[in-house]
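We use all heavy atoms of the structure for the numbers below, so side chains are in, but hydrogens, waters and symmetry mates are not. Position 1 is the first residue of the sequence, and the numbers go up from there.
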Amino acid sequence: MSSSDVSRRLFLGSFGAAMALYESTRVAFAQTPAGGGGVAGVSVEKDVVFGKGGDVDLKLDIYKPTAASKRTAIIHYHGGGFTGGSKDGLAAALGPMTSLGYVNIAAQYRLAGVAKWPSQIHDVKAAIRWTRANASRLGIDPARVPIAGYSAGGHLALHAAGTQNMADFEGTNGSPGVPTTLAGCLAFYAVTGAAWSGYRTGFPMPPGASEADWQAATPTTYVKNLPPTILHHGLADTTVPPQSSMEFLKLAQEAKIPSELHTLNGVPHAFINHPELVELTARVNDSFLERTVLNPKTYPAFGAGRGGGRGGGQ
């Protein structure tokens, strides 16, 4: 089956329906005065130390809803090709999701110029442990900690989601002894492997790495272990081609992981820089987490006499 067949046949979401969701909430966001993260009802705590990367303090920013909370914390990882970017670049992207009742955490990880793999995943695991260990402080249920990532950060999120509590990737910095179990994964235009042309040159792999090392560092290796996972990708992305997410979804579906891919027509890489797309994907993510993590439910097919014939949508 070709990538175009995958995009047509598997559930990729409906951009039109999502736009309707966006339009229904856009006015609500626009009519409230800006608070933490640029959105009303959000408080921000910056630069909280959660561990050490070598001799350097690793820090995170906490975005909390000031109204009713869903007792769920999502840990986010920025993009930048493993060589750039920072947690501060996620500030504008986290406001809408926080306004929907989620605690959102933007966490630091060491870049390629500072440390080689697996330091990056060790930093991610340290932030997961810190979040679970500080559940009372955050006002969350420690069993409700999904992870999210963008581009290179999407690689880290998917890798962490597939290697929960695996000793080879846990590291030792920050909150020892706390599990790194995750409730879900949200991946935006994620680097999942060779579909990104810069993977073998941009990834912070130490010199002399073997093919086994590369396989161990690639998220597709651990698909069968994933929690519920949602992917987002712009169809006009020329940095990380949409096939990166399409191929990953196919593997997740074959492994029977609750999973979705939402593609956006005409949208390029790093689309969280566009406020209307941030708000749109926030609503889609909220729906996914509600259906698969917070209040799991199934949708049985309509049978005879229940709207299954012509005009069955009535």
Exercise. For His122 and Tyr109, what are the C-alpha separation, side-chain angles and deciding distance, and is it a side chain to side chain donor-acceptor pair (under 3.5 Å)?
Worked result: CA-CA 9 Å; His122 289 171; Tyr109 62 91; over 6 Å; no
For this session: Could you tell me whether the side chain of Lys64 reaches within less than 4.5 Å of the side chain of Thr66, counting heavy atoms only?
Result: no
Problem set entry | Stepwise side-chain contact (heavy atoms from CB on, under 4.5 Å) check, His76 with Lys87 | CA-CA 8 Å; His76 297 253; Lys87 63 180 177 59; over 6 Å; no
Exercise. So, the side chain of Ser119 versus the backbone of Lys116: is there a donor-acceptor pair under 3.5 Å, distance only?
Worked result: yes
For this session: Show your working on side-chain contact (heavy atoms from CB on, under 4.5 Å) between Val48 and Arg137 and close with a plain yes or no.
Result: CA-CA 12 Å; Val48 177; Arg137 168 182 174 174; 3.9 Å; yes
Problem set entry | Any donor-acceptor N/O pair, Arg129 side chain to Glu170 backbone, under 3.5 Å | yes
Exercise. If you measure from NE2 on His269 to CG on Asp237, what distance do you get to the nearest 0.5 Å?
Worked result: 5.5 Å
For this session: Would you check if the side chain of Ser151 reaches a backbone N or O of Gly79 as a donor-acceptor pair within less than 3.5 Å?
Result: no
Problem set entry | Closest approach of Gly162 to Asn225 (non-hydrogen atoms, all atoms of both residues) | O-ND2, 3.1 Å
Problem set entry | Any Ile75 side-chain heavy atom under 4.5 Å of Trp130 side chain | no
Exercise. Is the backbone of Val49 close enough, under 3.5 Å, to the side chain of Asp57 for a donor and an acceptor to pair up by distance?
Worked result: no
Exercise. Is the backbone of Glu276 close enough, under 3.5 Å, to the side chain of Glu279 for a donor and an acceptor to pair up by distance?
Worked result: no
Exercise. Where the side chain of Asn273 meets the backbone of Ala270, is there a donor-acceptor pair that is under 3.5 Å apart?
Worked result: yes
For this session: Check whether the side chains of Ser245 and His233 place a donor and an acceptor atom closer than 3.5 Å, and report yes or no.
Result: yes
Problem set entry | For Ala112 against Thr83, the heavy-atom pair lying closest together | CB-CG2, 4.1 Å
Exercise. Minimum heavy-atom separation for Gln108 to Leu58, with atom names?
Worked result: OE1-CA, 3.5 Å
Exercise. Are the side chains of Asp61 and Leu90 in touch, meaning some heavy atoms are under 4.5 Å apart?
Worked result: no
Problem set entry | Nearest non-hydrogen partners of Gly139 and Ser69, listed with the distance | O-OG, 4.1 Å
Problem set entry | Intermediate values then yes/no, side-chain contact (heavy atoms from CB on, under 4.5 Å), Glu247 and Leu249 | CA-CA 5 Å; Glu247 293 168 6; Leu249 175 69; over 6 Å; no
Exercise. What closest approach, in Å, do Val191 and Ala152 show between heavy atoms, and which atom pair accounts for it?
Worked result: CG2-N, 4.1 Å
For this session: Would you check if the side chain of Thr218 reaches a backbone N or O of Trp214 as a donor-acceptor pair within less than 3.5 Å?
Result: yes
Exercise. Can any side-chain N or O of Lys224 pair as donor or acceptor with the backbone N or O of Lys256 at less than 3.5 Å?
Worked result: no
For this session: Indicate yes or no: at least one non-hydrogen side-chain atom of Tyr222 is less than 4.5 angstrom from one of Met166.
Result: yes
Exercise. With hydrophobic residues grouped by side-chain heavy-atom distances under 4.5 Å, do Val240 and Leu261 end up in a single group?
Worked result: no
For this session: Report yes or no: does Asp286 contribute a side-chain atom to a donor-acceptor pair with the main-chain N or O of Arg283 at less than 3.5 Å?
Result: no
Exercise. With ring centroids as reference points, do His262 and Phe288 lie under 6.0 angstrom apart?
Worked result: no
Exercise. Can you get from Ile140 to Leu100 by hopping between Ile, Leu, Val, Met, Phe, Trp and Tyr side chains that sit under 4.5 Å apart?
Worked result: no
For this session: Starting from the C-alpha separation in whole Å, work towards a yes-or-no answer on side-chain contact (heavy atoms from CB on, under 4.5 Å) for Thr281 and Phe271.
Result: CA-CA 10 Å; Thr281 54; Phe271 60 73; 4.0 Å; yes
Exercise. What about Trp196 and Phe203, are their ring centers closer than 6.0 Å?
Worked result: no
For this session: Determine whether the side chains of Tyr77 and His155 contain a donor N or O and an acceptor N or O closer than 3.5 Å.
Result: no
Exercise. Can you tell if the side chain of Ile105 reaches within under 4.5 Å of the side chain of Thr131, non-hydrogen atoms only?
Worked result: yes
Exercise. Between Lys59 and Asp47, does at least one N-O distance fall below 4.0 Å, as a salt bridge requires?
Worked result: no
Exercise. More than 12 heavy atoms of other residues, nucleotides or ligands under 6.0 Å from CD of Gln215: is that the case?
Worked result: no
Exercise. Do Leu94 and Ile147 belong together in a cluster built from hydrophobic side chains that touch within less than 4.5 Å?
Worked result: no
Problem set entry | Leu235 to Gly266 - nearest heavy-atom pair and separation | CB-N, 4.5 Å
Problem set entry | Arg291 versus Ser287, side-chain donor and acceptor atoms under 3.5 Å | yes
Problem set entry | Hydrophobic cluster identity match, Leu60 and Val124, side-chain contacts under 4.5 Å | yes
Exercise. Does a side-chain heavy-atom distance below 4.5 Å link Leu182 with Leu226?
Worked result: no
Problem set entry | Gap between atom CE of Met205 and atom CZ of Phe82 - 0.5 Å precision | 10.0 Å
Seminar exercise, completed: d(Ile74 CD1, Asn104 CG) to nearest 0.5 Å is 5.0 Å
Exercise. Would Leu156 end up clustered with Leu186 when hydrophobic side chains under 4.5 Å apart are linked, directly or stepwise?
Worked result: no
Exercise. When you check the side-chain N and O atoms of Ser259 and Gln253, is any donor under 3.5 Å from an acceptor?
Worked result: yes
Exercise. Any chance the side chains of Thr292 and Lys297 put a donor and an acceptor closer than 3.5 Å?
Worked result: no
Exercise. How many angstroms lie between CG in Leu277 and CD1 in Ile272, if you round to the nearest 0.5 Å?
Worked result: 10.5 Å
Problem set entry | Tyr150 and Tyr189 aromatic ring geometry - parallel, tilted or perpendicular at 30°/60° bounds | tilted
For this session: Report yes if the side chains of Pro146 and Thr72 come closer than 4.5 Å at any heavy-atom pair, otherwise no.
Result: yes
Exercise. Within the side chain of Ser244, is there an N or O that forms a donor-acceptor pair under 3.5 Å with the backbone of Thr192?
Worked result: yes
Exercise. Are Tyr102 and Asn285 linked by a side-chain donor-acceptor pair shorter than 3.5 Å?
Worked result: no
For this session: Taking atom types as modelled, find out whether Asn165 and Thr181 have a side-chain donor-acceptor pair closer than 3.5 angstrom.
Result: yes
For this session: For residues Arg144 and Leu294, determine if any side-chain heavy atom of one lies less than 4.5 Å from a side-chain heavy atom of the other.
Result: yes
